[in-house]
Amino acid sequence: MIAESMYQELILEHYKNPQGKGLREPYDVEVHHVNPTCGDEVTLRVRLAGDKVEDVSYEGQGCSISQAAASVLHELAAGSDVRESLDRVDAFTELMQGRGKVEPDEDVLGDAVAFAGVAKFPARVKCALLSWMAFKDAVARSQG
Amino acid sequence: MIAESMYQELILEHYKNPQGKGLREPYDVEVHHVNPTCGDEVTLRVRLAGDKVEDVSYEGQGCSISQAAASVLHELAAGSDVRESLDRVDAFTELMQGRGKVEPDEDVLGDAVAFAGVAKFPARVKCALLSWMAFKDAVARSQG
Amino acid sequence: MTDQPFDVERIRKDFPILSRELPGGRSLTYLDSGNSSQKPRQVVEAMREHLEAHYANVGRALHTLGSEATEAYEDARDKVAAFVSAPSRDEIVFTKNASEALNLVAYSFGNPVNTDERFRLGPGDRIVISEMEHHSNIVPWQLLAQRTGAELRWFGVTDEGRLDISGLEELIDERTKIVSIALQSNVLGTINSTSPIVGRAREVGALVALDASQAVPHMPVDVTETGADFIAFTGHKMCGPTGIGVLWARAELLEAMPPFLGGGEMIELVTMESSTYAPAPAKFEAGTPPIVEAVGLGAACDYLSSIGMAAIKRHERELTAYALDALAEVPGLRLIGPRIPIARGATLSFTLKGIHPHDVGQILDDEFGIAVRVGHHCARPLHLRFGIPATTRASLYLYNTTDEIDALVRGLHHVQKVFG
Amino acid sequence: MTDQPFDVERIRKDFPILSRELPGGRSLTYLDSGNSSQKPRQVVEAMREHLEAHYANVGRALHTLGSEATEAYEDARDKVAAFVSAPSRDEIVFTKNASEALNLVAYSFGNPVNTDERFRLGPGDRIVISEMEHHSNIVPWQLLAQRTGAELRWFGVTDEGRLDISGLEELIDERTKIVSIALQSNVLGTINSTSPIVGRAREVGALVALDASQAVPHMPVDVTETGADFIAFTGHKMCGPTGIGVLWARAELLEAMPPFLGGGEMIELVTMESSTYAPAPAKFEAGTPPIVEAVGLGAACDYLSSIGMAAIKRHERELTAYALDALAEVPGLRLIGPRIPIARGATLSFTLKGIHPHDVGQILDDEFGIAVRVGHHCARPLHLRFGIPATTRASLYLYNTTDEIDALVRGLHHVQKVFG
Ligand SMILES: Cc1ncc(COP(=O)(O)O)c(C=O)c1O
Ligand SMILES: Cc1ncc(COP(=O)(O)O)c(C=O)c1O
């Protein structure tokens with residue numbers, strides 16, 4: 001099983017009821033990322049205000065993992081501190097690339113720990129990371 | 001074990017008391033063959049008289065297998081029918097290259113069946129065949 | 001033997017993993033044999049026994065274990081040769097997998113050292129493959145084209161998932177040196193008819209390679225009958241272990257080909273300045289070969305032969321017919337590949353409307369212990385051809401049952417409920 | 001752990017084959033580990049267990065078995081990385097044996113597609129090896145020289161069996177692109193000091209490869225400490241299975257190198273026109289990898305680590321000192337290689353005056369069940385250097401005892417009686 005069923009439900013929940021989905025104005029930067037292996041796509045916008053992430057809005061298509069991951073990202077990043085949200089991206093990346101060996105820190109990752117089980121499937125890691133990488137990219141560009 | 005001990009003794013016997021060793025006159029053709037892998041060498045002369053192999057004389061150096069094989073060759077070929085001796089070479093070659101799967105025919109091969117066990121060691125097959133191949137080559141040349 | 005009824009329950013008992021309980025108490029429904037097959041205990045046991053009682057290096061060792069190991073290794077070559085009716089055991093080269101076998105063939109072309117005209121390749125020359133190939137029968141040829149400047153061309157695929165040979169004469173032209181095609185597609189299940197391609201290749205003097213990775217495990221294959229020059233397949237898809245593949249090639253071609261990997265065992269005579277090479281197959285088996293893996297593959301050939309490849313093929317055809325009908329009932333299911341159980345194997349790839357294959361696979365596994373493969377199955381160009389990024393694939397083998405197909409269909413209905 | 005006495009009797013119990021009875025009731029004295037080592041039951045059992053309970057293809061499968069298999073395969077990479085202190089697990093490429101690893105490195109040079117200056121190779125450029133190399137570290141470079149027109153040069157060997165680096169500066173000159181040397185000779189036992197060679201190579205901008213096939217099984221090897229760029233070794237000589245070898249290379253070089261074998265798993269994105277490649281190590285692992293073999297190799301690393309490589313090295317040094325003294329007493333015995341147990345491993349090659357090595361090996365095996373290797377041990381140029389066609393080689397490992405050396409010496413006396 002990819003993860004405990006509680007977490008599966010959480011992923012499904014986010015998939016069926018994505019948080020903050022849709023592209024919104026105003027935004028600083030828009031990026032478009034594709035996972036060529038499975039065709040998943042995401043268009044993502046960020047709006048920063050000083051040290052804060054004011055909004056993360058997105059539109060995309062793909063499997064439940066990639067869609068739910070975008071929803072969870074929105075939940076965790078929108079309204080949070082920029083530095084903190086980037087740390088969270090790093091923690092999530094580490095978890096995903098950890099082949100199931102990295103113990104997720106629920107304090108840092110919140111609902112994103114639901115994806116822990118994905119880390120055991122190299123082919124799925126990119127699905128989970130798609131929107132997170134897009135977010136990191138967008139933040140870097142809006143700061144750069 | 002390379003072969004039953006009776007056969008080993010037979011090989012050792014031929015090695016220690018090689019039959020017909022030494023290069024003799026007259027001869028029709030002399031050939032020199034080398035086994036590059038282990039450095040074994042043989043110089044071999046044949047003297048044919050019509051359908052008969054009148055003499056096979058040889059000189060060489062190498063392991064007991066290659067030396068004994070030359071001695072057995074002499075015993076079987078010298079004084080025998082050319083056609084028959086070439087058939088024997090073919091049977092011996094088949095036995096050696098048969099990876100231990102070919103049942104030797106003692107009527108055809110005589111003492112040469114002692115080498116049956118060698119066939120299981122690809123690295124040794126060439127030792128046993130060295131003088132026999134030289135003989136075949138020499139006969140072909142003296143007929144050609 | 002082939003007249004006996006096919007006793008799938010008895011066969012399943014030979015595969016310990018099939019009765020394994022998955023975490024959460026799920027039982028296993030393994031429908032991913034096209035990816036890799038499971039191993040009967042006869043194969044596992046042959047390997048264990050060899051490791052514990054007969055192991056040594058082969059060829060060069062002159063002691064008892066060395067002789068036993070050499071005999072076991074070379075016996076495996078005999079078994080594989082017999083399994084595909086090779087004219088000579090010396091035409092069987094052991095590689096690490098089918099991919100290495102195909103690369104070995106590709107690297108024989110355009111080698112500046114080689115003088116055989118058939119293997120000369122450069123700008124203006126042509127390599128022909130197809131759009132339904134596995135990446136392992138695409139990338140080696142792309143790399144070859146890049147190294148040599150030759151041109152890579154390919155057959156298309158029809159909407160029904162058959163090879164489109166309408167442009168055969170133009171595609172395989174006088175400049176073509178090599179044509180390399182799958183005998184059976186790992187996505188569509190399509191079994192390609194080789195005779196038109198071989199016939200045309202002969203006309204223009206091109207050589208023909210067949211990727212038989214998905215064919216040899218599932219039907220009787222007689223290498224000579226295919227008319228091909230090279231045939232690649234792989235141990236792990238035919239009840240054998242990982243770490244071993246096979247290249248069959250006509251003896252005369254193996255002789256003409258330059259060596260690929262250099263090292264121990266493939267040589268005749270080495271000096272610092274230069275070397276001469278052993279005759280095939282040793283020439284292409286540099287270094288210590290997959291000894292224990294060969295023993296396992298030999299045992300796999302014995303196992304499959306004891307059941308009979310014709311019987312296995314028949315069983316799979318029955319499963320395929322059953323599965324095609326069953327899947328046709330699933331709403332929103334689009335099958336990619338032939339819809340009729342003719343000239344196709346037991347590989348069933350499909351999409352479910354509105355649901356990503358990843359999600360199909362995850363729910364099937366999570367809830368029912370059903371193992372299918374999802375993604376592009378190392379055949380991305382074929383998926384692009386059908387305008388889809390990925391499919392769900394159920395691939396069946398001798399140990400699968402109609403009950404398992406029913407389970408799959410039930411699982412798909414559930415998937416549709418979850419994501420509905 | 002390393003303070004405990006080395007309990008060789010306990011270790012021997014882990015290797016079922018060592019207590020096997022040979023035909024004719026002979027017991028086995030296995031002195032051929034340099035050719036291939038025996039396997040402890042921990043390794044055999046790990047492979048059996050994987051095959052019977054966790055087997056599936058790796059990476060691309062998304063079901064429970066696929067996840068278990070992937071985890072087991074990638075865990076093995078972690079274990080191997082830790083075993084040789086690799087800075088990153090991604091620097092561990094699984095190949096089929098050491099020979100493939102060395103060929104992989106050789107094929108990275110002079111590839112017309114590659115643009116990295118360090119790997120460009122053509123006429124005027126130089127490849128440097130040594131006269132004590134195994135054929136697997138000679139022939140790949142000869143083939144490379146032939147393909148590219150580069151020049152192959154080599155270090156000589158002293159009468160004592162040491163690498164002759166007196167001409168170091170001349171040999172490794174500004175035109176040198178790659179130097180490839182054995183860390184430990186499979187005939188002489190000599191352990192080469194790499195620092196002068198690496199130092200000189202750095203001066204001229206050449207890369208350095210080490211053939212560590214005979215080193216990694218016998219002593220602690222820290223890849224970074226060697227200073228080398230590439231290190232090759234092989235599973236079957238270190239208590240692991242056949243069918244798997246390892247290439248370690250610095251991450252940055254793996255990135256710069258062109259792909260070698262093309263196929264599934266080594267790609268990122270494939271279209272019919274062209275492909276992009278996965279990052280290393282996947283880039284160099286085309287096709288289904290040696291999954292079960294990796295599991296076995298991982299278990300072998302665990303096994304060796306549990307005993308301790310330093311302890312194994314110490315044990316072998318004691319055996320070597322004992323064997324050198326014992327063999328020195330045998331009349332007419334000429335040792336080829338260092339006579340003192342310093343900077344040399346437990347590999348003892350020798351000739352017996354007037355008796356062909358083939359005969360030595362045959363009698364030792366036939367009469368006493370002693371397994372040694374006879375011939376040129378895939379190092380013919382080295383034998384030519386010493387003016388002999390072949391030697392008898394006893395090569396020892398963690399499970400060997402001084403009693404077995406005594407048995408060898410008794411056997412040699414008997415051989416001399418038989419052929420006296
Ligand atoms: C020094 C050395 N290099 C390379 C090899 C080749 O290893 P493999 O046969 O596993 O490719 C060997 C062993 O045969 C060896 O002893
Ligand atoms: C059609 C086809 N060709 C080639 C391969 C490659 O086989 P391997 O992974 O054993 O190299 C596969 C399987 O992955 C396949 O299905």
Side-chain angles (χ1 to χ4, degrees), chain C residues 16-17 20 22 35-36 38-39 44 48 51-53 55-57 60-65 96-97 99-100 103 112-113 134-136 138-140 142-143 146-147 154 236 241-243 261-264 267 270-272 274-275 286-288 290-293 361 365 371 373-375 378 380-381, chain D residues 16-17 20 22 35-36 38-39 44 48 51-53 55-57 60-65 96-97 99-100 103 112-113 134-136 138-140 142-143 146-147 154 236 241-243 261-264 267 270-272 274-275 286-288 290-293 361 365 371 373-375 378 380-381:
Chain C
I17 207 170
R20 197 198 128 177
L22 300 179
N35 197 354
S36 199
Q38 295 300 340
K39 323 303 172 199
V44 180
R48 192 198 58 69
L51 280 167
E52 292 195 349
Y55 182 77
N57 213 326
R60 45 200 180 183
L62 298 186
H63 42 69
T64 307
L65 293 180
K96 68 173 176 177
N97 52 26
S99 303
E100 186 197 345
N103 278 277
V113 178
H134 187 280
H135 293 162
S136 291
I138 298 176
V139 184
Q142 289 180 338
L143 293 172
Q146 282 168 31
R147 283 195 306 273
W154 50 89
H236 66 94
T242 49
L261 304 179
I267 53 91
V270 177
T271 66
M272 291 309 286
S274 69
S275 302
T288 301
I291 302 167
V292 184
E293 292 67 28
D365 179 51
R373 188 169 169 192
V374 297
C378 299
R380 186 168 176 272
Chain D
I17 207 170
R20 195 199 130 177
L22 300 178
N35 197 355
S36 198
Q38 294 301 340
K39 322 303 172 200
V44 179
R48 191 198 58 69
L51 281 166
E52 292 196 348
Y55 181 78
N57 213 328
R60 45 201 179 182
L62 297 186
H63 42 68
T64 307
L65 293 180
K96 68 174 176 176
N97 53 24
S99 303
E100 186 196 345
N103 279 277
V113 179
H134 187 280
H135 293 162
S136 292
I138 298 176
V139 183
Q142 290 180 338
L143 293 172
Q146 282 168 30
R147 284 195 305 274
W154 50 89
H236 67 93
T242 49
L261 303 180
I267 54 90
V270 177
T271 65
M272 290 310 285
S274 69
S275 302
T288 301
I291 303 167
V292 185
E293 292 67 28
D365 179 52
R373 187 168 170 195
V374 297
C378 299
R380 186 168 174 270

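Naming: A, B, ... by sequence-line order, numbering from 1 per chain.
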**OP:** Measure D/L261 against the heavy atoms of chain C and call it side chain, backbone, both or neither at under 4.5 Å.
**Re:** both

Original post:
Side chain, backbone, both or neither: which part of C/I138 has a heavy atom under 4.5 Å from chain D?
Top reply: side chain

Original post:
Out of curiosity, C/E52 CD to D/Q38 CD, how far, rounded to the nearest 0.5 Å?
Top reply: 11.0 Å

**OP:** Please report the closest heavy-atom contact between C/S136 and C/P140, naming both atoms and the distance.
**Re:** O-CG, 3.1 Å

Subject >> Under 4.5 Å from any heavy atom of chain C - which part of D/Q142 >> reply: side chain

Subject >> Closest-packed option against chain C by number of heavy-atom pairs under 4.5 Å, given D/P241, D/P381, D/G361 >> reply: D/P381

Subject >> Contacting moiety of D/I291, where chain C heavy atoms sit under 4.5 Å >> reply: both

**OP:** Could you look at D/V270 and say if it's the side chain, the backbone, both or neither that has a heavy atom under 4.5 Å from chain C?
**Re:** both

**OP:** Would you mind checking which part of D/N35 comes under 4.5 Å of any heavy atom in chain C, side chain (CB onward), backbone (N, CA, C, O), both or neither?
**Re:** both

Subject >> Under 4.5 Å from a heavy atom of chain C, the part of D/R48 involved >> reply: both

**OP:** Would you check if the side chain of C/S36 reaches a backbone N or O of C/H236 as a donor-acceptor pair within less than 3.5 Å?
**Re:** yes

Subject >> Pairs of heavy atoms under 4.5 Å with chain D: top-ranked of C/T242, C/L143, C/N57, C/V292 >> reply: C/T242

Original post:
How many angstroms lie between atom SG of D/C378 and atom CZ of D/R373, to the nearest 0.5 angstrom?
Top reply: 4.5 Å

Subject >> Heavy-atom pair count under 4.5 Å with chain C, highest-scoring of D/L22, D/L65, D/T288, D/T271 >> reply: D/T288

Subject >> chain D contacts, top residue of C/G375, C/A286, C/A56 (heavy-atom pairs, under 4.5 Å) >> reply: C/A286

Original post:
Looking at C/S99, C/S274, C/G263, which makes the most heavy-atom pairs under 4.5 Å with chain D?
Top reply: C/G263

**OP:** Go through the atoms of C/R20 and report whether side chain, backbone, both or neither lie under 4.5 Å from a heavy atom of chain D.
**Re:** side chain

Original post:
Highest number of heavy-atom pairs under 4.5 Å with chain C: which of D/H135, D/E100, D/M272, D/K39?
Top reply: D/M272

**OP:** Name the region of D/I267, side chain, backbone, both or neither, that has any atom closer than 4.5 Å to a heavy atom of chain C.
**Re:** side chain

